[in-house]
Number of protein chains: 2
Amino acid sequence: MQTPSATASTSRVLEHPAREDIRLESVLHALSDPMRLLVVRSLAAAGTEQSCSVLDLPISKSTTTHHFRVLRECGVVSQIYRGTAKMNALRRDDLEALFPGLLDSVLTAADRQAERPGEDR
Amino acid sequence: MQTPSATASTSRVLEHPAREDIRLESVLHALSDPMRLLVVRSLAAAGTEQSCSVLDLPISKSTTTHHFRVLRECGVVSQIYRGTAKMNALRRDDLEALFPGLLDSVLTAADRQAERPGEDR
DNA sequence: GTCAAACTACGAGATACTTCGAACTACGAG
DNA sequence: CTCGTAGTTCGAAGTATCTCGTAGTTTGAC
């Protein structure tokens, strides 16, 4: 049940919010989950798009799917299918245009917090 | 059931997290609620401490109490009793020391978003 | 066509969040 | 002492969130 003339290389298409539909509250909420913050930090550290599975999170696959969907639906990441993999990328440009400096300050804050003593337990 | 020699001007004391106990995830979660974000923006705009009641939020008193407590318990605001009023202040210094630039970027982002077309409905 | 890999969809359980009203406490004014 | 103001506490209702396992789909490789 899909449009007959689908995309050439990629068939399944995923819905993303337009830049102007991204809400600050939703972004903050998305980043407030430890697992999702970890995902965002990993994507930022990688610099390029990453598949869902390379992150190796300590949660089940279905939970991983859930978190990536939350991140996509609130506008933090973009996702496209490449073959059997689903690649994820931070929407840096959109976030920077809407909320200048926000993502960087969150990433810096997360890094600093991770380096705080007793953070590894 | 309170220490006999209580504070002179203020009797009731409120628990606040120490600076090093403030967690990024908790702060982001606190700010992700529209009502609490509104409170934080008002406190930032005022610059000085404000009582709970001057904000005139479109919610009930008990809900207001709840939101202020969330903000205090996660380290975003400090609260002290002054007579019958409870004064609230942003913990700007603590937040800036832990998460440089974060609060300002959130406040700027919130202001910008509030000015976006069709934001008043 | 068959198979494995990667991801999704669905339902369910447990927990957490937001909101409220009603009854209560603390404080200052008179 | 009495009263009003400011805020709290205590359920409770409704909703949302996080997590999982199981079963399914899509894709590329053989």
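In what follows, chains carry the letters A, B, and so on, assigned in the order in which the sequence lines appear, proteins first and then strands, with residues in each chain numbered from 1. Small disclaimer: the values here were computed from a predicted structure and weren't measured.
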- Task: Please figure out whether A/Arg69 or A/Ala85 has its closest DNA chain C nucleotide nearer the 5' end.
- Result: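 Whichever sits nearer the 5' end wins; that is A/Ala85.
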If you define the side chain from C-beta out and look only at heavy atoms, does anything of [X] sit under 4.5 Å from [Y]?
X        : Y       : result
A/Asp33  : B/Glu25 : no
A/Leu102 : A/Leu24 : yes
A/Ile80  : A/Arg82 : yes
B/Leu43  : B/Thr48 : no
A/Val13  : A/Tyr81 : no

Charged N to carboxylate O below 4.0 Å: is that the case for [X] and [Y]?
X        : Y       : answer
A/Asp104 : A/Arg92 : yes
A/Glu119 : B/Arg23 : yes
A/Arg72  : A/Glu15 : no

Would you kindly give the [atom1]-to-[atom2] distance between [X] and [N], to the nearest whole Å?
X       : N      : atom1 : atom2 : result
B/His67 : C/dT18 : NE2   : P     : 6 Å
A/Met87 : C/dC7  : CE    : P     : 9 Å
B/Lys61 : D/dT9  : NZ    : C1'   : 12 Å
B/Phe68 : C/dT19 : CZ    : C1'   : 16 Å
A/Gln79 : C/dC7  : CD    : P     : 10 Å
B/Arg12 : D/dG7  : CZ    : C1'   : 7 Å
A/Leu14 : C/dA6  : CG    : P     : 18 Å
A/Ile80 : D/dT26 : CD1   : C1'   : 16 Å

- Query: So what does A/His66 touch, heavy atoms closer than 4.0 Å: a base, only the sugar-phosphate, or nothing?
  - Reply: base
- Task: Please determine if a side-chain N or O atom of A/Thr63 lies less than 4.0 Å away from the OP1 or OP2 oxygen of D/dT19.
- Result: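 For D/dT19, OP1/OP2 do not have a side-chain N/O of A/Thr63 under 4.0 Å.
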- Task: Answer with yes or no whether the hydrophobic clustering places A/Val70 together with A/Phe68; edges join I, L, V, M, F, W, Y residues whose side-chain heavy atoms lie under 4.5 Å apart.
- Result: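 No, separate clusters.
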- Message: In this structure, would B/Met35 and B/Val54 fall into the same cluster of hydrophobic residues linked by side-chain contacts under 4.5 Å?
- Response: yes
- Task: Report the secondary structure of DNA chain C in dot-bracket form, marking unpaired bases with a dot and bases paired to a different strand with |, and treating Watson-Crick or G-U pairs with both distances under 3.5 Å as paired.
- Result: ||||||||||||||||||||||||||||||
- Task: Pull out every residue in residues 29-58 of chain B that has a heavy atom closer than 4.0 Å to any atom of DNA chain D, ordered by number, or say none.
- Result: B/Ser51, B/Cys52, B/Ser53
N/O contacts under 3.5 Å, protein versus nucleotides 3-5 of chain D?
| unit_1 | atom_1 | unit_2 | atom_2 | d |
| --- | --- | --- | --- | --- |
| D/dT5 | O2 | B/Thr84 | OG1 | 3.4 |

- Message: Within the 3.5 Å criterion, strictly below it, is a donor on B/Thr108 or B/Ser105 matched to an acceptor on the partner's side chain?
- Response: no
